[in-house]
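Structure first, commentary second.
Below, all heavy atoms of this structure are taken into account, side chains as well, without hydrogens, waters or symmetry copies. Residue numbering restarts at 1 for every chain, and letters A, B, ... go by the order of the sequence lines.
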Number of protein chains: 2
Amino acid sequence: MSTVQSIDRAFSVLRSLTAGPAGVTDIAERVHLPKSTVSRLLSTLEELGAVEQVSAGGEYRIGLGMLELAAAARPGRSLVSVARPQLAELNRFTGEAAGVSIPDGTEMLYLDQLTPDSELQVRDWTGHRIPMHAVPSGHVVLANDRELLDRVLATPLKRFTPHTVVKAAPLRERMNMVRAEGYAWAFEEFADGMNSVAAAVRNDSGRVIAALHVYGPASRFPGTSDTAEIGEFVLATAQKIRID
Amino acid sequence: MSTVQSIDRAFSVLRSLTAGPAGVTDIAERVHLPKSTVSRLLSTLEELGAVEQVSAGGEYRIGLGMLELAAAARPGRSLVSVARPQLAELNRFTGEAAGVSIPDGTEMLYLDQLTPDSELQVRDWTGHRIPMHAVPSGHVVLANDRELLDRVLATPLKRFTPHTVVKAAPLRERMNMVRAEGYAWAFEEFADGMNSVAAAVRNDSGRVIAALHVYGPASRFPGTSDTAEIGEFVLATAQKIRID
DNA sequence: GTTCGTGTTCCACTAGGCGGAACAGATGCC
DNA sequence: GGCATCTGTTCCGCCTAGTGGAACACGAAC
């Protein structure tokens, strides 16, 4: 239960750097610590490769050493490598970006994304967390975990666009539909001008451990295509993944 | 210069977990610290999401929180996303695995890898470091940095296979060739049964900031193909990448 | 030149981390 | 069954190692 203060603080500093490179003074203010303390923490982290100075005596940013550590995270990296071929298949079938994400608490953590070469691209969410209620990848998880759904609904849901479903009853309704169909569509519910579909990846014992999703600009996706056909393709692709 | 002991220790623990999940007692032995200390460090790291327990009261492994931090590392993640289409192109042209790596000290850090669907696959080196002298991706970096080459040659070079070049004179010779051709081939120099080619990715000011490489089983790669043709294709592909 | 900004270093103080030992479970072996 | 031996966690007195205000060193801007 007791925690080591300096480690706690070191991670606060690291997290504050995920927003982008920053100087000691900036960081000190953000994490509410004395400059000297932050400087000491940073120079320790630098020796460990967790951060690096952009130019000697200048700003700090997250270091490459973190990549090595993150590469060992499971099911993170292992899932990424097995899912790649399936993402490529989704790219080919839909012409749009495809990604994998995993549930983490009440959010989805986006692990990887494959984007076809195209002029108009959606942004890369790799490494970010998004609340489950706002994205179809979250919906396929919630639809299969009543307890988690209750927990999500226990707190107020954040609205991202005018179409985000933030009320309990309609969300429960949606989850019933998703459970029945096996895939989830969302139209501009998380970001304006972005539509997406998702389906669940299950382990051998049937538990949902990840989600595959496809998303693209609302202007062309799904366009005049059959949403059920796309949904079922995503579902079939997700079912091909065997892990854990 | 002074470092914070507990942070130092926490990272030792994290690094020891990159080899795979382990228990408190195991870790304590590996990092030469008392069990109680390791237990305290781990529970702190767990609260921060840096590690997680596989099952309550059991082994620990690297946590998903690390992915978020690592996602902010530059040029790491940004390079990965811009290099993806080029890796796919290399897949298509050669039928073999393609990857990106960046120089870090005297080693190459492997950031990403795209592997075509095939029965016989090479392993994924993502997140690992490999000494520059042993891999073609390292060669294209060394060939363009005389000072770094000197530094590498100042210490004894590790032999990985019977074909690894570990003597100064032959390596210098090779670097001259690589500099002239623009790409580097290596035949079973790092791992038995594995051949690979690499070419440098440069930023606007001409400095080598990364390497693209293709590798496959020696049994079929490059086979009867023209090594110069493949090399030049990799070079051309690497030159398409614009970053920083 | 001065002034303001940066990041780093100093050092007395004491809070916070340390680690040996005791503990609570789980598993294995006879 | 019960004893032995693992596991990870908690306790608590000792004291080191981390803290943070202030002073410092450097660089840029005026």
Would you mind classifying the nucleic acid contact of A/Ser39 as base, sugar-phosphate or nothing, using non-hydrogen atoms under 4.0 angstrom?
->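 Base, at least one base heavy atom under 4.0 Å.
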Side chains of A/Tyr215 and A/Gln113, donor plus acceptor under 3.5 Å =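 A/Gln113 and A/Tyr215 do have a side-chain donor-acceptor pair below 3.5 Å.
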Quick one: do the A/Arg202 and A/Asn144 side chains pair a donor with an acceptor below 3.5 Å?
->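 A pair is found: one side chain offers a donor N or O, the other an acceptor, under 3.5 Å apart.
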Side-chain N or O of [X] less than 4.0 angstrom from OP1 or OP2 on [N]?
{"X": "B/Thr25", "N": "D/dC6", "result": "no"}
{"X": "B/Gln53", "N": "D/dT9", "result": "yes"}
{"X": "A/Tyr60", "N": "C/dT6", "result": "no"}
{"X": "B/Arg40", "N": "D/dT9", "result": "no"}
{"X": "B/Gln5", "N": "C/dC18", "result": "yes"}

Filtered N/O pairs between nucleotides 20-27 of chain C and protein, under 3.5 Å:
unit_1, atom_1, unit_2, atom_2, d
C/dG20, O6, B/Ser36, OG, 3.3

Go through the steps to decide whether A/Phe190 and A/His133 satisfy the test ring pair (Phe, Tyr, Trp, His ring centres under 6.0 Å), and finish with yes or no.
-> CA-CA 9 Å; A/Phe190 171 63; A/His133 75 275; 9.3 Å; no
Interatomic distance, [X] [atom1] vs [N] [atom2] [rounded to whole Å]:
{"X": "A/Glu29", "N": "C/dT6", "atom1": "CD", "atom2": "C1'", "result": "13 Å"}
{"X": "B/Leu41", "N": "C/dG19", "atom1": "CG", "atom2": "C1'", "result": "12 Å"}
{"X": "A/Glu46", "N": "C/dT9", "atom1": "CD", "atom2": "C1'", "result": "16 Å"}
{"X": "A/Leu33", "N": "C/dG16", "atom1": "CG", "atom2": "P", "result": "12 Å"}
{"X": "B/Glu59", "N": "D/dT7", "atom1": "CD", "atom2": "C1'", "result": "11 Å"}
{"X": "B/Ile7", "N": "C/dG16", "atom1": "CD1", "atom2": "P", "result": "15 Å"}
{"X": "B/Leu42", "N": "C/dG17", "atom1": "CG", "atom2": "C1'", "result": "15 Å"}
{"X": "A/His32", "N": "D/dT19", "atom1": "NE2", "atom2": "P", "result": "17 Å"}

Presence of salt bridge, A/Asp124 and B/Arg84, under 4.0 angstrom |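 Looking at A/Asp124 together with B/Arg84, the answer is no, because their closest N to O distance does not fall below 4.0 Å.
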So, B/Arg172 and B/Asp150, do they make that salt bridge, N to O below 4.0 Å?
->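 Salt bridge present between B/Arg172 and B/Asp150.
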Do any of residues 8-23 of chain A sit with a heavy atom less than 4.0 Å from DNA chain D, and if so which?
->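 The answer is A/Arg9.
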Have a look at A/Tyr60 and tell me which of A/Leu45, A/Val54, A/Val24, A/Val13 forms a side chain to side chain contact (heavy atoms under 4.5 Å, CB included) with it.
->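 Of the listed options, the one satisfying the test is A/Val24.
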What do you reckon, are the aromatic ring centroids of A/Tyr183 and A/His213 less than 6.0 Å apart?
->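 Not close enough - the centres of the two rings lie 6.0 Å or further apart.
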With axes from five pairs an end, tell me the bend angle of the helix from C/dG1-D/dC30 to C/dC23-D/dG8, nearest 10°.
->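 So the angle between the two local helix axes works out to 50°.
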